[in-house]
Amino acid sequence: MELTPQTSLLQWYNKNGRHDLPWRTTDNPYHIYVSEIMLQQTQVKTVLERFYFPFLERFPTLLDIAESDLDDVLKMWEGLGYYTRAKNLHHAARQCNGILPDNAHDLMNLSGIGRSTAHAIAAFAYRESLPILDANVKRILHRYFALKERNEKKLWEYAYALFDSSHPFEYNQAMMDVGATVCLAKKPLCEVCPFKESCQGKTDPLTYPDAKAKTRKPIRKRSIIVYQRHSRYALMQRKERFLHGLWGFYETTEIPGGTALGNITQHYSHFTLEANVYLSHEDVEEEFEWFTIEEITQLSLSRADHKVVEFIKKSA
DNA sequence: GAGGCGTGGCC
DNA sequence: TGGCCAAGCCT
């Protein structure tokens, strides 16, 4: 007798799932929430080894976040990227007064929690019977139902079609594990896949969905000027959306004078920064704040600005 | 709906 | 080594 795809998936998960992930072995909704936000567009290894535990130690409860300054949250987020997540997490903590809603509908009203994340938290923390639709599930669905077209609305319908409503926790976790370890983007391992019997795309999995149009990342050439007064250096806290809340040195399209310290290249999500770094003792009228190297380590800086700090240390 | 939004790892 | 990819959301 043939197994249903849901039963096959469940059996696969029991044997092959990543059961030891800390956000799977807890029933603390706040811990699960933090993990879901950190894991957005971010590899499990990075979250697991560098960010998840230190963050929860610094902020043991959601109320601790609500009662802290955004700068303190950003400091724990430093290096993780997509800093709007930290801003939204801080805002969400205050929106709900440190008390996380216990259902997907109310979770979705919080900043930074979309439909998929709301479903994930609700399914994992409260066993609410809802499917998720993340990149892993999307890839599986495109192949399983042989869908060439990328269509978010239709994918949600297919997500419900394959969903095992009797086992929301195990199903959703299993789908992410299959996506992460079997239904791989470049090398799908169809022979060990729990869906190998019923998958409609198994003969040519790489053709689903249609390939994205290739676009070349633009290169932005900039000068970074490190203004120095005695043993202090000029930084500003970014107000714009890009790297919001992080501190940085002065950046310009002008070619300045001063001592050349070196060059940095930084790849961002939508452009590449190529910058020449200069040290200058000129007076400046811009509204900077001035910090020693020691004090700078207390701030939150982007990767690129950390590279600048390294140049300063070498030149000193 | 398309584009903005970080960083590290992989080949 | 440059281009893709990794538990999306917001505007």
Side-chain angles (χ1 to χ4, degrees), chain A residues 17-18 21-24 31-52 74 77-89 91-92 107-125 130-140 149-156 159 169 171-181 183-188 206 211-220 238 240-246 248 264-274 300-307:
Chain A
R18 297 173 291 181
L21 295 173
W23 42 85
R24 284 188 186 175
H31 292 189
I32 292 169
Y33 170 33
V34 168
S35 77
E36 287 300 325
I37 302 302
M38 285 188 171
L39 287 162
Q40 290 173 358
Q41 306 297 100
T42 307
Q43 297 196 343
V44 168
K45 176 186 167 70
T46 300
V47 173
L48 192 58
E49 296 181 357
R50 295 174 51 198
F51 293 96
Y52 180 70
L74 275 172
W77 212 268
E78 184 182 26
L80 186 53
Y82 284 145
Y83 298 96
T84 298
R85 294 182 294 175
K87 185 185 178 184
N88 285 335
L89 179 55
H91 183 53
L107 284 164
M108 217 178 311
N109 286 328
L110 297 178
S111 295
I113 300 183
R115 188 175 179 187
S116 188
T117 297
H119 286 197
I121 297 169
F124 298 151
L130 293 167
I132 62 171
L133 185 60
D134 67 355
N136 286 312
V137 176
K138 285 180 181 176
R139 190 169 55 254
I140 295 170
E149 182 193 10
R150 297 170 185 268
N151 183 315
E152 185 89 3
K153 191 166 178 289
K154 288 183 183 174
L155 278 182
W156 270 110
F169 180 99
Y171 173 87
N172 285 322
Q173 301 285 20
M175 288 293 276
M176 288 191 289
D177 284 358
V178 170
T181 66
C183 196
L184 302 172
K186 294 180 178 176
K187 286 186 185 175
L206 294 179
K212 291 177 187 169
K214 290 181 183 175
T215 57
R216 198 141 289 182
K217 270 191 201 172
I219 297 175
R220 291 185 197 170
R238 296 172 191 264
E240 65 275 24
R241 186 153 72 113
F242 180 62
L243 300 175
H244 180 87
L246 273 60
I264 61 173
T265 299
Q266 184 64 33
H267 300 286
Y268 293 104
S269 57
H270 55 301
F271 69 91
T272 295
L273 173 69
E274 291 186 356
S300 299
L301 270 62
S302 71
R303 186 82 177 83
D305 284 304
H306 272 297
K307 292 176 181 175

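Within every chain, numbering begins at 1; the chains are lettered A, B, ... in the order of the sequence lines, protein sequences first and strands thereafter.
- Within the 4.5 Å cutoff, no side-chain heavy atoms of A:Met175 are placed close to those of A:Ile132.
- Straight-line distance between the P atoms of C:dA7 and B:dG4: roughly 23 Å, to the nearest whole Å.
- Remark: A:His244 pairs with no residue by the side-chain hydrogen bond (donor to acceptor under 3.5 Å, both in side chains) rule, at least two apart or across chains.
- With P as the reference atom, C:dC9 and B:dG8 are 23 Å apart, rounded to whole Å.
- Between the NZ atom of A:Lys212 and the C1' atom of B:dA2 there is a distance of 12 Å, given to the nearest Å.
- A:Arg18 comes within 4.0 angstrom of a nucleotide base, judged by non-hydrogen atoms across all strands.
- The side chain of A:Tyr83 contributes an N or O atom lying less than 4.0 Å from OP1 or OP2 of B:dT7.
- For the residue pair A:Arg24 / A:Gln173, a side-chain donor-acceptor distance below 3.5 Å is found, with atom types taken as modelled.
- If you check every strand for non-hydrogen atoms under 4.0 Å, A:Arg216 touches sugar and phosphate atoms only.
- A:Ala120 comes within contact range of no nucleotide atom at all, as no heavy-atom separation falls under 4.0 Å.
- Taking for each of A:Glu152 and A:Gln266 the nucleotide of DNA chain B with the nearest heavy atom, the 5'-most of the two is the partner of A:Glu152.
- For A:Asp134, the salt bridge (charged side-chain N to carboxylate O under 4.0 Å, His left out) test picks out no residue, with sequence neighbours left out.
- Along DNA chain B, the nucleotide nearest to A:Lys153 and the one nearest to A:His267 differ in position, and the one closer to the 5' end is contacted by A:Lys153.
- What separates CZ of A:Arg303 from C1' of B:dC5 is a distance of 18 Å, to the nearest Å.
- In this structure, the ring-ring contact (aromatic ring centres under 6.0 Å, His included) partners of A:Tyr171, at least two apart in sequence or on a different chain, are A:Phe163.
- Using P as the reference atom, C:dG2 and B:dC5 are 23 Å apart when rounded to the nearest Å.
- Residue contacts shown for A:Ser35 are absent, as no nucleic acid heavy atom lies under 4.0 Å away.
- Summary of the strand contacts: A:Ser111 and A:Ala185 both lie near DNA chain C, and taking for each the nucleotide with the nearest heavy atom, the more 5' one is attributed to A:Ala185.
- For DNA chain C, the span of nucleotides reached by chain A at under 4.0 Å from its heavy atoms goes, 5' to 3', from C:dG3 to C:dC10.
- A search for side-chain hydrogen bond (donor to acceptor under 3.5 Å, both in side chains) contacts involving A:Lys217 returns nothing, not counting sequence neighbours.
- Residue A:Arg50 contributes atom CZ, which lies 7 Å from atom P of B:dG9 at whole-angstrom precision.
- Contacts of A:Ile37 with the nucleic acid, taken as non-hydrogen atoms under 4.0 Å apart, are absent.
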After noting the C-alpha distance and the side-chain angles of A:Tyr33 and A:Leu107, does the key distance pass the side-chain contact (heavy atoms from CB on, under 4.5 Å) rule? CA-CA 10 Å; A:Tyr33 170 33; A:Leu107 284 164; over 6 Å; no

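- When A:Val44, A:Leu21, A:Val34 are each tested for a side-chain contact (heavy atoms from CB on, under 4.5 Å) with A:Leu39, only one passes: A:Val44.
- Among the protein residues, A:Gly179 comes within range of no part of the nucleic acid, since none of its heavy atoms lies under 4.0 Å from any strand.
- The distance between atom CG of A:Leu301 and atom C1' of B:dG6, rounded to the nearest whole Å, is 14 Å.
- Straight-line distance from the CG atom of A:Asp305 to the C1' atom of B:dG6: 13 Å, rounded to whole Å.
- Across all strands, A:Ile113 comes closer than 4.0 Å only to sugar-phosphate atoms, never to a base (heavy-atom distances).
- DNA chain B is contacted by A:Gln41, A:Thr42, A:Gln43 of residues 40-49 of chain A, taking any non-hydrogen atom closer than 4.0 Å.
- In this structure, NZ of A:Lys217 is placed 12 Å from C1' of B:dG4, rounded to the nearest angstrom.
- Distance A:His270 NE2 to B:dG4 C1': 5 Å, rounded to the nearest Å.
- Among the protein residues, A:Tyr82 comes within range of the nucleic acid bases, having at least one heavy atom under 4.0 Å from a base atom.
- Under the side-chain hydrogen bond (donor to acceptor under 3.5 Å, both in side chains) criterion, A:Glu49 pairs with A:Lys45, sequence neighbours left out.
- Using a 4.0 Å heavy-atom criterion, one finds that A:Trp77 contacts no nucleic acid atom at all.
- Taking the ring-ring contact (aromatic ring centres under 6.0 Å, His included) definition, one finds that A:Tyr268 meets it with A:Phe242, A:Phe271, sequence neighbours left out.
- One interatomic measurement links the two molecules: CG of A:Leu246 to C1' of B:dG6, which rounds to 10 Å at whole-angstrom precision.
- Residues satisfying the ring-ring contact (aromatic ring centres under 6.0 Å, His included) criterion with A:Phe169, sequence neighbours excluded, are A:Phe124.
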